[in-house]
Amino acid sequence: MSARASRTGRSLFLLAPLLLFLAGFFVWPLFSMMSQAVSDTAVLRLLPQSAEVLAGWDRKSPPTPEMQTALIADLKAVEDTQALGDMVRRLNSARSGFRTLMSKTTSALSDEADPPADLVSIDKRWERPEFWLAIADALSPLTDRNLLAAVDLGRNADGEIEHLPADQSVNRVILVRTFWISALVTFACIAIGYPYAIIAASLSGWKRDVMLAAVLLPLWTSLLVRTAAWFILLQEQGLINDVLQMLGLTSGPVQLIFNRTGVVIAMTHVLLPFMVLPIYSVLITIPKNLMPAAASLGAHPLRAFLRVLLPLSLRGVAAGSLLVFISAIGYYITPALIGGPGDQMISSIIAFYAIGSANWGMAGALGVVLLAATLVLYSVYARLSADEPGRR
Amino acid sequence: MRRRRSFLLPGGEKVAEGRMRGPALCPTARAREPLLAEFIRFDRITKFYGPLCVVENLDLGIGKGEFVSLLGPSGSGKTTLLMMLAGFEQPTSGTILVDGQAVNDVPTHKRDMGVVFQSYALFPHMTVGENIAFPLEMRGLGKAEIADRVTRALDMVQLSAMRERRPAQLSGGQQQRVALARALVFEPRVVLMDEPLGALDKQLREQMQLDIRDLHRRLGLTIVFVTHDQSEALTMSDRVAVFNKGKIEQIGTPRQVYDEPATRFVAEFIGETNLIEGVVARISGGEAAVRLASGAEIVSAVSGGVAEGATVYLSVRPERIELAEARNAAHNCLETEVTDSVYQGDHLRVELAAGSHPLIAKLGRRSREFEPGTKVFAAFSAGDCRVIAPPDGQRQAAAS
Amino acid sequence: MALRFSKLAFSVLAILFLVAPLIAILPLAFTSSVILTYPIPSWSMRWFTELFTADAWRRAIVNSLIIGTGTTLLATVLGTAASLGLRNRLVFFRGTFRTLFLLPMVVPAVVLGVGMQVLLARFGLTNSYAGVIIAHTVVAVPFVVVSVTGALAGIDERVELAAESLGAPPATVFRRVTLPLALPGVLSGAVLAFATSLDEVVLTLFVAGPNQRTLARQMFSSIRENISPAIAAAAFLFIAATIAIGLIVVLSRSVLAKRRAPVH
Ligand SMILES: Nc1ncnc2c1ncn2[C@@H]1O[C@H](COP(=O)(O)OP(=O)(O)OP(=O)(O)O)[C@@H](O)[C@H]1O
Ligand SMILES: [Mg+2]
């Protein structure tokens, strides 16, 4: 018994370093990304005193003098005009009329000669609780605004969820585009990879080795090298255009790069091995004599395929498709280099928000969407490959 | 002369002689005798895997220099028992004693037992020579002595030419002999073998059976041998322990377990047998008269544990049955009708019906053919027939 | 007949699709021109010279080697230890741990990059070698775990039990039996970890500063901003290295297989 316990102890001791490492540098980053998505301290940072006072407000009665003094003090202390502008824009979208109210208020407050006694004396609207309500809501450190915006939803003045106006609805277009490109790539991979795997599995000796090596070589080659290769091949004076013109198929160069065609071609090339290998590994476990057996029982080759090989290999096709699709929806490099502005997928948008505009909230929210989609698909994949018969 | 050669021990003859005092000198006599000096004892061993009881309250003693086979169907706990003896598994309760010392808390590497696995478990990354040298290195022997002993061990298993090869470059039988040499080279106190011949083809298996038996006699080894091949157990062992569901059903010499099966399970598991149900009518002088459902009465040898009026089984080996045209007064005789007869090369197998009860007889190959439908008498002596007491539960039911 | 011909044609075209782009880029590494098009006016080694002398490229190569080495060491040690720990069937949550160890392979790099940047900024590790090595190790470790657990699963446990019964204490069993048998798996895991680090762009984009620009990162911006045949030269080196690494992996696998395959 004690030997057993010490063996377990030793195993845990071996597991601990990687567990701690991944907890710290994998799980935690994902959580901080998610918390970026739902945290919102922009307004809170600007109005710290109002936040304290508003916490005690009943959200219904007219504003107390303390609330007004706190807000005046906060507004006077603001130096970052851009942050102030952002805040006003947000408040205005929650309660229209805030923009004029605020500009009137700030200019009145900056009047050194005749400082206003309180806010109501600047504008009567400060008497109405609705405006204070908007501020109180914006002060909350948690928000679902980013997550809703990630799927082009927002809250209206009454706090109900509704679609954002068309001019702000870019994310849904990009999500649909991401799934559409991924589906195209998956389909192309099935169309090439499935017959390829069937042929490879039916061969033997050096022929099979060549076919497998042709899959493994790209798999092992740097992704950037492959993308660079396609970049060079697909460009206007690239080899493919040369060949097309030489064969007389086109008169002038065809635009293959910086558009959808190029992205799909390059991504298919990159992901094709992930389709071929799972199908192949399922196919080689199928006894070779099944197709001849079906034929001997009188089945036409096509019928034999439909009734024997297809059902048996379907699991491999499903696994390969999921693998390709999962990889495709998270792709960044290939669309970024080969695609045009209209082919950018969700990863590019996340990178844009994170690196380009430091909008961590939106980057995090879109990241949550992508992560959720990936994990759901992966769990399906894991289930599919877990109950593979004969393994383990 | 063979017996005097020691292949393993340096300057070995003296030690070897010492080891061989006792049973090894007269193997034939030994087979009849029970334990000499008891060397290994399983004392009320129980083993659970989770809720599953794999070995149940088991007692077993093994003598020094004895060859004991553990025989039983798959899953009956043989391997588990061996693994507990080797120290790979811990009994849930009970004590294992070796040479009078409890070894429950002794780790495997200090138990000094050679183990031969069914899959041989050779080190794939070492040569044959390195494999055999491994246990000697672990014991801190000098280089020269290791080389010397490895040479002798390889001689013993006739693999001297293979010393530099990797296990993967050997045939199954050769790998098996390397495994054997590796388990013997450090002169362990006990050698444990778990179906070591299971993966070999029939011819090689029979050859290896003889080789192992020969080694056992020459070196005076104590061997615990697991098998589910009954003929292997009968040919090789001094004693056979028949396992069923984690318990020992019977332990005895090969002759005892074959001729005097103690339970229905043993009778059926070892060899083929006819089981006939009946009620004990009388018991006198080591013989019992059993009345069958058909009213016929059969006289059979009996040992204790059976009362008059009990429902019992009679076990008759098919090869002990003779077929006669007429009743033979000296023997038990059952009126039967031939239902089928098949010539099987070394014997003639005749299927009979005694009333509604089927019987099988194996006749010498010179026996005449029997057409189906022929009426014959199945005759057998009282000594060729055993009374098997029903299990406890049934016995009570029969008594009430 | 027609079927056989179309099969052949399909196979040839598919192989061409898979391999031709990689081959087509190779000669361009030796062009003397500044543009990446055929026909090649004349041959020269100028782009290799550029690769090893131009400051940006040279620094990128050195950085890749530093970061790749660090990642390989860290990922191999962590991954091998964890794989050994995963062997024990008595460990609770074994399956959960395994899934967790493989998950970095699945999570999109951009998502991980965003989180990683936020977190490393908190620790002041952005724009540092340590930060990049940590990020690369997270995505390289699954390859080590897969490779080493595969090698360990191939070890017959009875071989280790046999060693123990022959008198070897647990530490010796590990050193003399388990480790040598798992070594090909550990080595190919290390190779894969290095290759992963070498090829990693997205995380590098998020966590590395200008001083940690790796070769892959440099290639990325070079394709994006001003593509030159230096890319083809770098690609040439990559492909040559890939083939070399591939051969190492294949050889170590076949050594492993040869050791295991019993001859009956
Ligand atoms: N590690 C284990 N965990 C759980 N159950 C086990 C374990 N090892 C063995 N068992 C169970 O214990 C029972 C006895 O197993 P054991 O290996 O001792 O049988 P055996 O008599 O050697 O059979 P065989 O002839 O097939 O080798 C079996 O039902 C088996 O499923
Ligand atoms: Mg067994």
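Naming convention: chains lettered A, B, ... in sequence-line order (proteins, then strands); numbering from 1 in each chain. Keep in mind that this is a model prediction, so the values were computed, not measured.
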| remark: Heavy-atom nearest pair, A/Ala229 first then C/Pro21, reads CB-O, 3.5 Å
| C/Leu205, part contacting chain A, at a heavy-atom distance under 4.5 Å | both
| Quick one: of C/Val110, C/Val145, C/Ile15, C/Thr196, who has the most non-hydrogen atom pairs under 4.5 Å with chain A? | C/Val110
| Who among C/Val19, C/Leu36, C/Leu28 has the most heavy-atom pairs with chain A under 4.5 Å? | C/Leu36
| Looking at A/Leu30, A/Val27, A/Leu377, which has the largest count of heavy-atom pairs under 4.5 Å with chain C? | A/Leu30
| request: Check whether A/Ala336 gets within reach of chain C through its side chain, its backbone, both or neither, counting any heavy atom under 4.5 Å. | output: both
| query | With only heavy atoms counted, which part of A/Val368 is less than 4.5 Å from chain C, the side chain, the backbone, both or neither? | reply | neither
| said: For C/Leu103 versus A/Leu375, what's the shortest heavy-atom pair and its separation? | reply: CD1-CD2, 4.3 Å
| query | Given the rule in the side-chain contact (heavy atoms from CB on, under 4.5 Å) test, do A/Phe26 and C/Val107 qualify, once you have shown the distances and angles that lead to the verdict? | reply | CA-CA 10 Å; A/Phe26 176 64; C/Val107 170; 3.7 Å; yes
| query | At their closest point, which heavy atom of C/Ala82 faces which heavy atom of A/Leu15, and how far apart are they? | reply | O-CD2, 3.3 Å
| said: If we define contacts as heavy-atom pairs under 4.5 Å, which of A/Tyr331, A/Tyr332, A/Tyr353 has the most with chain C? | reply: A/Tyr332
| field | A/Ile192 portion near chain C, given a 4.5 angstrom heavy-atom threshold | value | both
| In terms of heavy-atom proximity below 4.5 Å to chain A, should C/Val77 be classed as side chain, backbone, both, or neither? | neither
| task | Tell me, for C/Leu84 versus chain A, whether the close heavy atoms (under 4.5 Å) come from the side chain, the backbone, both or neither. | result | both
| field | A/Gln235 side chain vs C/Thr37 backbone, donor-acceptor pair below 3.5 Å | value | no
| query | So does C/Phe123 have more than 12 non-hydrogen atoms from other groups sitting under 6.0 Å from CZ? | reply | yes
| task | Select one option (side chain, backbone, both, neither) describing which atoms of C/Ala195 are under 4.5 Å from chain A's heavy atoms. | result | neither
| For C/Leu86, is it the side chain, the backbone, both, or neither that has a heavy atom closer than 4.5 Å to a heavy atom of chain A? | both
| Toward chain C, the part of A/Ile265 with a non-hydrogen atom under 4.5 Å | both
Validation: residues 266-273 of chain A side-chain donor-acceptor distances under 3.5 Å, sequence neighbours left out:
{"from": "A/Thr268", "atom 1": "OG1", "to": "A/Val264", "atom 2": "O", "distance (Å)": "2.6"}
{"from": "A/His269", "atom 1": "ND1", "to": "A/Trp230", "atom 2": "NE1", "distance (Å)": "3.0"}
{"from": "A/His269", "atom 1": "NE2", "to": "C/Leu18", "atom 2": "O", "distance (Å)": "2.8"}

| remark: When the 4.5 angstrom heavy-atom criterion is applied to C/Phe17 and chain A, the contacting part is both
| query | Do the non-hydrogen side-chain atoms of C/Ile134 and A/Phe21 ever get within less than 4.5 Å of each other? | reply | yes
| said: With chain C as the partner, which of A/Ile333, A/Ile240, A/Leu366, A/Val210 has the greatest number of non-hydrogen pairs under 4.5 Å? | reply: A/Ile333
| query | So which part of C/Phe101 gets closer than 4.5 Å to some heavy atom of chain A, the side chain, the backbone, both or neither? | reply | both
| message | Using 0.5 Å steps for rounding, measure from the OG1 atom of A/Thr221 to the CG atom of C/Leu22. | response | 5.0 Å
| Which residue pairs pass the side chain to side chain donor-acceptor pair (under 3.5 Å) test when at least one of the two sits in residues 198-208 of chain C, sequence neighbours left out? | A/Ser222-C/Asp199, C/His136-C/Thr204
| Should C/Ile25 and A/Leu233 be marked as a side-chain contact (heavy atoms from CB on, under 4.5 Å) after you check the CA-CA gap, both sets of side-chain angles, and the distance that decides it? | CA-CA 8 Å; C/Ile25 195 177; A/Leu233 284 178; over 6 Å; no
| Between A/Ser35, A/Pro195, A/Gly367, A/Pro29, the one whose heavy-atom pairs under 4.5 Å with chain C are most numerous | A/Pro29
| Top contributor to chain C interface from A/Leu22, A/Leu12, A/Ile198, A/Ile350 [non-hydrogen pairs under 4.5 Å] | A/Leu22
| query | Measuring heavy-atom distances to chain A, does C/Arg87 have an atom under 4.5 Å in its side chain, in its backbone, in both, or in neither? | reply | neither
| field | Nearest-0.5 Å distance that lies between atom CG in A/Leu203 and atom OG in C/Ser11 | value | 7.0 Å
| request: Drop me the distance from C/Phe93's CZ to A/Leu19's CG, to the nearest 0.5 angstrom. | output: 11.5 Å
| task | Quick one: pull up CD in C/Gln218 and CG in A/Leu224 and give me the separation to the nearest 0.5 Å. | result | 11.0 Å
| Of the non-hydrogen atoms in C/Val106 and A/Thr374, which two are nearest, and what is the gap between them? | O-CG2, 3.5 Å
| said: I need the minimum non-hydrogen distance between A/Leu14 and C/Ala81, along with the two atoms involved. | reply: CB-O, 3.3 Å
| remark: Per-residue tally against chain C (heavy atom, under 4.5 Å) across A/Gly330, A/Ala228, A/Ser327, A/Ala354 peaks at A/Ala228
| query | Of the backbone (N, CA, C, O) and the side chain (C-beta and beyond), which part of C/Ile227 lies under 4.5 Å from a heavy atom of chain A, both, or neither? | reply | side chain
| request: Against chain A, label C/Leu78 side chain, backbone, both or neither, depending on which of its atoms sit under 4.5 Å from a heavy atom there. | output: both
| request: Taking ring-ring contact (aromatic ring centres under 6.0 Å, His included) as the test, write out the residues that go with A/Phe31, two or more places apart. | output: none
| query | Tell me, side chain or backbone of A/Leu239 under 4.5 Å from chain C's heavy atoms, or both, or neither? | reply | side chain
| said: Taking side chain as everything from C-beta outward and backbone as N, CA, C, O, which of these in C/Phe220 sits under 4.5 Å from a heavy atom of chain A? Side chain, backbone, both or neither. | reply: both
| request: Sort by residue number and list every member of residues 113-120 of chain C having a non-hydrogen atom under 4.5 Å from chain A. | output: C/Val114, C/Gly115, C/Met116, C/Gln117, C/Val118, C/Leu119, C/Leu120
| query | Measuring from A/Ile199:CD1 to C/Ser6:OG, what's the distance to the nearest 0.5 Å? | reply | 8.0 Å
| said: Would you compute the distance between atom CZ of A/Arg10 and atom CZ of C/Phe174 and round it to the nearest 0.5 angstrom? | reply: 10.0 Å
| said: I need the minimum non-hydrogen distance between C/Ala14 and A/Tyr196, along with the two atoms involved. | reply: CB-CD1, 3.4 Å
| message | Less than 4.5 Å to any heavy atom of chain C: does that hold for the side chain of A/Gln36, its backbone, both, or neither? | response | side chain
